[in-house]
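Working notes for the structure below.
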Amino acid sequence: MKFVILSALSAASLFGQTVVDRGISVSFSVERVDAPRNQKLREGDDVRVRFKLADAAAGSPISSFPTAWIERTGNAKPRCNDLVSRLLNLTNTRADVDLNTYHVLALNDDATISVVDPQFGYGGSKLLGLMRLPAVGDDWALSPSGDLLFVTVPDAGELTVLDTATWKVAAHLPLPARPRRVAVQPDGAYAWVTLDSGDAASPAVAVIATTGLKPVAEIAAGPGQHNVAFSSDSRWAALTNSSGGTVSLIDVRRLKRVQDFPVGREPVSIAYSTQAKMFYSTERAAGEIVAIEPDTPHESARVRAEPGIGEIAFAPDGRLAFIPNPEKDLLHILDTATNRVIQTSDIKHGPDQVGFSSGIAYIRCRRSESVLMAPLDAVGKTGKLLSIGDFPGGQHTFGEVGRPSLGSSFAQAPGENAMMVANPADKAIYYFREGLPAPMGSFSNYGRQPRAILVVDRSLKQSTPGVYETITRLPGAGEYTAALLVDSPRVVQCFPVTVEANPDAASVGPRLHVEFAKLVEPVRAGQKVRVRVKLTGQDGSAGSQLGDVRIAAMLDTGVWHLRQHAEAEGGGVYGVDLIAPTPGRYRISVECLSQGLSFNQSPQLVVEVRGK
């Protein structure tokens, strides 16, 4: 492969390293998000990584789907194709920095938000950050770009805004009344914060400009508590008024309330159907769903369900609405094409929340630890019973939480047919891959109750034509290689990255690279097998003479686990003999506390043990 390096990394240009190969220009840069671009990179820094693809002759951008990693290579200079091939085929560990990943955020019971990197195999996690709030947060919303997180803090009377690039507070915005819900309209221009209002003259919602983080309006609508929804073009907002019995339609361009619609005694939820282009509000007392058409404002339909209905949530296609009824233990399916409830199913234990992947609706019940699943391709058959499966979402019921959040317990894993579920009482987040009978595993929330979860996607995304970027955190000091793979047009390129030591190195995590040796398959129950792991220092040297290396093995069900000191075998390799007592899936991790490596931070070796 022939290429030319046009420039070295410097502070003078946005893309400091450029390579031209077979008519394709590939540029690369990495810079700290909290410092001028001439600052050196240090371990533990949050950095912005960018790649730019262009036609070298015409200069026109190339749009594609890149995959990238940053891997410690020390003083060795591996062939780029060999390095990329190895990174693509990692099964029991992961790259030092994976630029194709995501972070999970948990809204906790102790007035914090934890930022967690779910480790490979989802049996462990790495705590990337812990953001403290002035008091316990009730609801939250991400900006469409994912760079800002808005959190309502009722006991402090404010909206706290967090910068997800640095995991620091960007603003504390005081509000005129107790905040409840927060939502960001689809175009990202405004964040809307609902306020508990005592009368019709009190502000029901505060509107915050996301650029500059300044309040721009306070709108009175009606007394009570409120929920807000938006049309897909951000032209209209609709607000429920629980004590006023109305839904208020708001013109977003003018930030003015234009009409109130009587919907019944107790409107509790509202959502917008992208297919019907109407708002749908649920009214708990009479059990009715009211459809409101915003462009020529009028009530379009009123549909009868059962008293006790709560949240309304639309499936991804925008046609079918799922309406749990926790008081009557029912689930109603509304078809917006006919404005009729076409299916009602008995759902025990108080169904109260729904989440969606592209193919499955997930239903949480407050008096159960099980999560129900309804395949979307089987939903919508008039008069037919729903086809519903389930999987265990922990060991405690979802309602076992001192102060429930208004946020969701569900978050879909980006780019995967998989769902994550937060169980507050378990203090854990479970990972379920569609097609399996049980969760693949869980990862820790570090002793805190995850009352709600959401995902910040940290995979490379196209910010402008041909430019792909993301934010990540650098590992320990040393020499690294940034590797890029693009399938079409075929691009494989590597760039050197130097990470300097940090005076606070003890706080930035493990200073070892971990690589498990592949086991000879199959492994059978009762059979002795040698588990080996190679530990490498920041400079690429073997991690020898470490006296506190321990290896842990745990059966996925949690009924068996083992931790023991590993024996040094030379060359940075440590091993233990393991005898798995029963068939099943085992997860193996390593600890070396003297080098900042805990079991939770370790990559995992996943072993399928067969019967004798």
Side-chain angles (χ1 to χ4, degrees), residues 139 141 150 152 154 157-159 173-274 276-286 288-302 311-312 314 406:
D139 194 22
F150 300 87
T152 58
E158 74 169 45
L159 179 72
L173 302 177
L175 297 164
R178 185 177 178 87
R180 186 170 181 267
R181 287 196 174 271
V182 60
V184 181
Q185 62 190 53
D187 65 6
Y190 297 133
W192 297 61
V193 186
T194 69
L195 308 170
D196 290 350
S197 49
D199 54 61
S202 301
V205 65
V207 185
I208 310 296
T210 57
T211 301
L213 300 177
K214 299 293 185 183
V216 295
E218 294 173 4
I219 303 171
Q225 295 182 330
H226 313 276
N227 284 300
V228 65
F230 309 100
S231 59
S232 55
D233 60 1
S234 298
R235 176 71 177 82
W236 302 101
L239 194 71
T240 60
N241 308 301
S242 65
S243 300
T246 60
V247 169
S248 298
L249 185 66
I250 299 171
D251 183 333
V252 175
R253 294 173 186 169
R254 296 186 294 148
L255 293 176
K256 298 290 184 182
R257 187 174 99 234
V258 297
Q259 190 167 337
D260 293 331
F261 294 88
V263 294
R265 197 169 69 203
E266 193 182 0
V268 292
S269 182
I270 194 163
Y272 182 78
S273 166
T274 55
K277 300 187 184 310
M278 288 191 287
F279 292 100
Y280 287 80
S281 176
T282 55
E283 194 277 322
R284 177 181 290 145
E288 290 186 328
I289 305 112
V290 178
I292 297 169
E293 202 283 312
D295 289 333
T296 58
H298 68 280
E299 179 183 309
S300 178
R302 189 172 287 254
E311 170 186 298
I312 179 170
F314 279 97
L406 299 172

Strictly distance-based, threshold 3.5 Å: is any side-chain N or O of [X] a donor or acceptor partner for the main-chain N or O of [Y]?
X      : Y      : answer
Thr152 : Val182 : no
Ser234 : Asp187 : yes
Ser269 : Thr282 : no
Arg257 : Ala220 : yes
Ser273 : Met278 : no
Asn227 : Val268 : yes
Ser242 : Gln225 : yes

Considering non-hydrogen atoms only, spot the tightest contact between [X] and [Y] and give its length.
X      : Y      : value
Thr240 : Ile270 : CG2-CB, 3.7 Å
Phe230 : Ala183 : CE1-CB, 3.6 Å
Gln259 : Pro297 : OE1-CB, 3.4 Å

Rounded to the nearest 0.5 Å, how far does [atom2] of [Y] lie from [atom1] of [X]?
X      : Y      : atom1 : atom2 : value
Thr194 : Ile219 : OG1   : CD1   : 12.5 Å
Ile250 : Trp192 : CD1   : CH2   : 4.5 Å
Tyr280 : Ser300 : OH    : OG    : 6.5 Å
Phe261 : Phe279 : CZ    : CZ    : 10.0 Å

Sequence neighbours excluded, the answer for salt bridge (charged side-chain N to carboxylate O under 4.0 Å, His left out) partners of Glu293 is none
| said: Please confirm whether the ring centroid of Trp236 lies under 6.0 Å from the ring centroid of Tyr272. | reply: no
Quick note, side chain to side chain donor-acceptor pair (under 3.5 Å) partners involving residues 206-216, not counting sequence neighbours, are none
CA sep, side-chain torsions, deciding dist, call: Glu218, Leu175, side chain to side chain contact (heavy atoms under 4.5 Å, CB included)
CA-CA 10 Å; Glu218 294 173 4; Leu175 297 164; over 6 Å; no
Side-chain contact test, heavy atoms from C-beta onward, threshold under 4.5 Å: evaluate it for [X] versus [Y] and give yes or no.
X      : Y      : value
Glu299 : Val263 : no
Thr274 : Phe314 : no
Val228 : Arg181 : no
Ser248 : Asn241 : yes
Pro179 : Leu159 : no
Glu283 : Val290 : no
Val252 : Arg235 : no
Phe150 : Val184 : yes

| task | Could you tell me whether Arg302 atom CZ has more than 12 heavy atoms of other residues or ligands within 6.0 Å of it? | result | yes
